[in-house]
**Student:** 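Got a structure for you, questions after.
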Amino acid sequence: MDPMAMTCKALLENLDEVLGFIESCADRFGLKENRKFGLLIAVEEAFVNVCHYAYGDKEGEAELVCSGDGGSFVVEIADRGIEFNVLSLPDPDTTTNIMERKIGGLGVFFIRKMTDDLSYQRKDGRNILRMVLHAHDDSATS
Amino acid sequence: MDPMAMTCKALLENLDEVLGFIESCADRFGLKENRKFGLLIAVEEAFVNVCHYAYGDKEGEAELVCSGDGGSFVVEIADRGIEFNVLSLPDPDTTTNIMERKIGGLGVFFIRKMTDDLSYQRKDGRNILRMVLHAHDDSATS
Amino acid sequence: MEIISRMEKDTAVVTVTGRMDAISAPQYQDKLNEMITAGTIAFVVDFDGLDYISSAGLRGILATAKALKIKGGQVRFANVRGTVKEVFEMSGFGSIFQVHESVAAALAKIG
Amino acid sequence: MEIISRMEKDTAVVTVTGRMDAISAPQYQDKLNEMITAGTIAFVVDFDGLDYISSAGLRGILATAKALKIKGGQVRFANVRGTVKEVFEMSGFGSIFQVHESVAAALAKIG
Ligand SMILES: Nc1ncnc2c1ncn2[C@@H]1O[C@H](COP(=O)(O)OP(=O)(O)O)[C@@H](O)[C@H]1O
Ligand SMILES: Nc1ncnc2c1ncn2[C@@H]1O[C@H](COP(=O)(O)OP(=O)(O)O)[C@@H](O)[C@H]1O
């Protein structure tokens, strides 16, 4: 599949369009339904984080590129906000009971868990997060 | 509505994604259903022409940008192909009988008819076609 | 786009729903050509459920209409409405083709 | 996302369908808070028709569960499947919450 790209303001209100775009690309690629939902969650978490954190109080853009790479479906999300490497965060504590439990760090954790392969690059002032899903469910969420 | 953009190879097989993108933007803007179908036809004709003619035998890209401008919904479609001004074509003859009738020039004609406002710009090696639909059905298809 | 056909005596009633665009239009042409090859020469095409038609769709309609004319056949259209009607009027198809209020009215003309 | 609720005696059975994402999750929280304010403290949430849940959805679930705990109430989940189950397991929600095979099984535990 040739690359397709979408660019929009990094605002929560654009989430539907972003997920709609990713979903139609994933359908084209032929990603299986259950793998697709996992990917959509990863993309949501990444996009929402760019909306919340990348640009502080300012406005900025997010760019999404979908492509097929052999047997893999690839989504890249890029922003021009502060440098942040998703891979640098520790896993959250997922064992505390209801009252003590805080939700923090689950977003990034889901991004890591829902993808088969994840890489981060800071390049020309941009954060580029590359999420890869293999068409065949071999190494998923393990 | 803030601008949203989509970029893809100018290939017919991407038509569904292109129209899906334009439709979700038009829905967000709140364009009325009947006006939306007219706009989708105009966008299809413009995109299909870029696929067929802009790059000759080579491959190239098409970029689509949707935005709201006051009470109007605006779609821009841009390519880096040969210079071509949609506004330069004469109206086709729409009166000949079935056997004599050739379909040519209807695409560009529909683009003109289905939009309230149309402008063309050649800039930095790009053709930029700007299609405007007023939210209120005042001057449409007249 | 979805195409369903049924026979009313010797006339094929073809119902087209959804959108007839550059991707789906060949489907219409293939379907009708297939029936023409099988010997059907009278068609009523029902556009009641058609939301949208582009010039690629008109191209398909014209091509099959020409093929039919050569065989002494005919095609009539029913329920041409909304944006599809706009397109028919702009393109002159509303004048060069027979357009009817309903499938029944179209069938009556074929007799 | 769509939320429908009905009462089974004093327990609210809340059916959530579609996708619970950063945009729609507040709807879940608002709906349950509204019922908690009106006096309901036992809930069975049916996720049979839920395709997808993100961390924003879990946030809403946790917030209402905490509000309920304070009032001595409870929430149980039924039909947690597919991607939603994956998310529950990864996040530990599958262990800290009561998850049942069916709405009936969940209701039975509330008694
Ligand atoms: N794109 C980003 N730019 C800067 N900081 C980020 C970005 N994404 C995440 N972070 C930081 O990582 C933390 C963990 O993010 P996440 O796992 O999504 O959980 P949450 O948003 O609930 O805190 C955030 O609180 C934030 O401090
Ligand atoms: N993007 C474009 N670049 C170059 N030439 C174009 C472009 N769009 C249209 N044309 C020219 O204008 C003519 C009319 O186009 P159109 O009205 O869409 O009808 P058709 O494609 O059926 O000929 C085309 O045949 C082509 O020669």
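Sequence lines set the chain letters: A, B, ... in the order given, protein chains first and strands last, and positions in each chain run from 1. Every value quoted in this text rests on a predicted model; they were computed, and no experiment measured them.
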**Student:** Among the options Leu12(B), Thr94(B), Leu15(B), pick out the one with the most heavy-atom pairs lying under 4.5 Å from chain C.
**Tutor:** Thr94(B)

**Student:** What is the minimum heavy-atom distance between Phe109(B) and Met90(C), and which atoms define it?
**Tutor:** CE2-O, 3.2 Å

**Student:** In terms of heavy-atom proximity below 4.5 Å to chain C, should Ile98(B) be classed as side chain, backbone, both, or neither?
**Tutor:** both

**Student:** Once you round to the nearest 0.5 Å, how far does CD of Glu86(C) lie from CZ of Phe37(B)?
**Tutor:** 11.5 Å

**Student:** Shorter than 4.5 Å, heavy atoms on both sides: which option in Ser91(C), Gly82(C), Ser95(C) has the most such pairs with chain B?
**Tutor:** Ser91(C)

**Student:** At what distance, to the nearest 0.5 angstrom, does NZ of Lys102(B) lie from CZ of Arg59(C)?
**Tutor:** 12.0 Å

**Student:** Given a strict heavy-atom distance threshold of 4.5 Å, which part of Ser54(C) is in contact with chain B: side chain, backbone, both, or neither?
**Tutor:** both

**Student:** So does Lys66(C) pair up with Glu100(B), basic N to acidic O under 4.0 Å?
**Tutor:** no

**Student:** Can you name the closest pair of heavy atoms from Phe93(C) and Ile103(B) and give their distance?
**Tutor:** CZ-CD1, 3.9 Å

**Student:** Any chance you could measure Lys69(C), atom NZ, to Asn97(B), atom CG, to the nearest 0.5 Å?
**Tutor:** 7.0 Å

**Student:** Would you say Glu2(C) has more than 12 foreign heavy atoms packed within less than 6.0 Å of its CD?
**Tutor:** no

**Student:** Do the side chains of Asp16(B) and Asp21(C) get nearer than 4.5 Å, heavy atoms only?
**Tutor:** yes

**Student:** Taking every non-hydrogen pair under 4.5 Å, which of Ile70(C), Thr83(C), Leu58(C), Val87(C) racks up the most with chain B?
**Tutor:** Thr83(C)

**Student:** Heavy-atom cut-off 4.5 Å, strictly under: side chain, backbone, both or neither for Leu40(B) against chain C?
**Tutor:** both

**Student:** Among Gly57(C), Ala65(C), Ser55(C), Ala63(C), single out the residue with the greatest number of heavy-atom pairs under 4.5 Å to chain B.
**Tutor:** Ser55(C)

**Student:** Could you measure the distance from the CG atom of Asn14(B) to the CD1 atom of Ile23(C)? Nearest 0.5 Å is fine.
**Tutor:** 8.5 Å

**Student:** To the nearest 0.5 angstrom, please state how far the CG atom of Leu62(C) sits from the CZ atom of Arg101(B).
**Tutor:** 7.0 Å

**Student:** Look at the side chain of Glu44(B) and the backbone N and O of Ala22(C), then say whether any donor-acceptor pair between them is shorter than 3.5 Å.
**Tutor:** yes

